[in-house]
Amino acid sequence: MELQKIIDKAKIAPRRLSPRELEYLLSLESEEEQQLLFDAAYQVKLAYIGRKVSLRGLIEMGNICAKDCLYCGIRRGNGAVHRFELDLDAVERMARWAYEHNYGSLVLQAGEVESEKRTELVEAALRRIMKLSNGELGVTLSLGEQRDEVYRRWHAAGARRYLLRIETSSPDFYRKLHPDGHSFFRRRRCLYVLRKLGYQVGSGVMIGLPGQTAAQLARDLRFFARADLDMIGMGPYLPHHATPLGRDIELTPIYRRRQLMLGLKTVAACRLYLHDVNIAATTALQALAPDGRERGLLAGANVVMPNITDTCYRKDYFLYENKPGSDENSAESLAAFERSIAKIGEDILWGEHGDSKHYLSRTATE
Ligand code: SAH
Ligand code: SF4
């Protein structure tokens, strides 16, 4: 296969690449070829989005979780975690800070809790955020699998986007990453329900999981196309020593570099394949290299989610270890972030929702 031919084909229109071509892109090893891939993806991003970065202020609302995902540091089975849940006033304070600092949108994320109390807390938080911002802040939720009715109530209270990573599009592999009681099929169904309810729907996978192949990742990208997703959030897998999956993995420089490069290649292949979706440059990229998020933006991503949770809670929300920014406060993070975005020649879309272009065009024709 020839790289330039695949790139040319990908640029003509979205969704043209075959599984083998996607796998080829993800398997590129030479630095020169990887750079060609990143540059091509960046050009596609320029055509649809421009040199623009959308911001979402991330509020980590709580780490109580009913799930036991084998990779995650705040899984139920990790008894060493100090559990917390923000109250309504704390969420409102952080949201107000974001609004006053000209953020256009927020993400409320937490471990998975299915209860009437949690449903009401989120509903009340959404109402307060709508009120304090005169309905201007766009809110994304990332609160796991829920009953249809709960998703409907949160939409009615003002949530407009939902992030629920499928983690892997293979039911067999999913079973290996999750213990009994977790269901790939329920998770996948949630994505369809969210879409039917009118949300902008985001999903994604972890990149570089133990046992994952490039062919599998290529199939994940095809899944994103089939599910007609509006937003993609993918990040490299990072080990946590207190989890079954990460217990024996050593974060050597070689491992870090491999995870980073695979992460960037997957972002770029995704942009080349899907064209008009929002793609996040995730914190996990930044965990692998100080400029990981900026490199993600230069490989085709267009969304960054700076953490705006109060610093005192951050050490309790370690999905993986060595999470960056855990000792910074939101203002420090923001100042450093602004400088780094200016350095790569991109502009931050202050005060804008930054809706997915894909969502806007699919709903315009519906
Ligand atoms: N509980 C919710 C939201 C919080 S977890 C949910 O699971 O949907 C958000 C994401 O963190 C997960 O979807 C997963 O992809 C990612 N994550 C968890 N553990 C991780 C790890 N060790 N390395 C990288 N990403 C991880
Ligand atoms: Fe809970 Fe989400 Fe972590 Fe799974 S990935 S254990 S659902 S917080």
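Numbering of ligands and ligand atoms starts at 1, following listing order.
Taking the ring centroids of Tyr71 and Tyr237, they lie at or beyond the 6.0 Å cut-off. In this structure, the ring of His155 has its center less than 6.0 angstrom from the ring center of Tyr199.
When distances from atom 2 (Fe) of ligand 2 to the protein are checked, no heavy atom turns up under 4.0 Å.
When hydrophobic side chains of Ile, Leu, Val, Met, Phe, Trp and Tyr are connected at separations under 4.5 Å, Leu349 ends up as a singleton with no cluster partners.
Scanning for salt bridge (Lys or Arg N to Asp or Glu O under 4.0 Å) contacts around Arg247 gives an empty result, with sequence neighbours left out.
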Ligand-protein N/O pairs under 3.5 Å (ligand 1):
| from | atom 1 | to | atom 2 | distance (Å) |
| --- | --- | --- | --- | --- |
| ligand 1 | 1 (N) | Ala110 | O | 3.1 |
| ligand 1 | 8 (O) | Arg187 | NH2 | 3.0 |
| ligand 1 | 13 (O) | Glu167 | OE2 | 2.6 |
| ligand 1 | 15 (O) | Arg165 | NH1 | 2.8 |
| ligand 1 | 15 (O) | Glu167 | OE1 | 2.6 |
| ligand 1 | 15 (O) | Glu167 | OE2 | 3.4 |
| ligand 1 | 22 (N) | Tyr71 | O | 3.0 |
| ligand 1 | 22 (N) | Leu238 | O | 2.7 |
| ligand 1 | 22 (N) | Leu319 | O | 3.4 |
| ligand 1 | 23 (N) | Leu238 | N | 3.0 |
| ligand 1 | 23 (N) | Leu238 | O | 3.4 |

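Note on atom 1 (Fe) of ligand 2: protein N/O/S atoms under 2.8 Å are Cys65 SG.
Under the 30°/60° scheme for interplanar angles, the aromatic rings of His101 and Trp97 are found to lie parallel.
Atom SG of Cys72 and atom CG of Leu245 lie 11.0 Å apart (nearest 0.5 Å).
Considering Val303, Val107, Leu106 in turn, Val107 is the only one that fulfils the side-chain contact (heavy atoms from CB on, under 4.5 Å) rule with Thr140.
Glu116 and Arg153 are joined by a salt bridge, as a carboxylate oxygen and a charged side-chain nitrogen come within less than 4.0 angstrom of each other. The residues Asp230 and Arg195 are annotated as not salt-bridged, no charged nitrogen and carboxylate oxygen being separated by less than 4.0 angstrom.
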- Trace of the side-chain contact (heavy atoms from CB on, under 4.5 Å) decision for Arg161 with Asp355: CA-CA 9 Å; Arg161 309 186 183 121; Asp355 288 322; 2.9 Å; yes
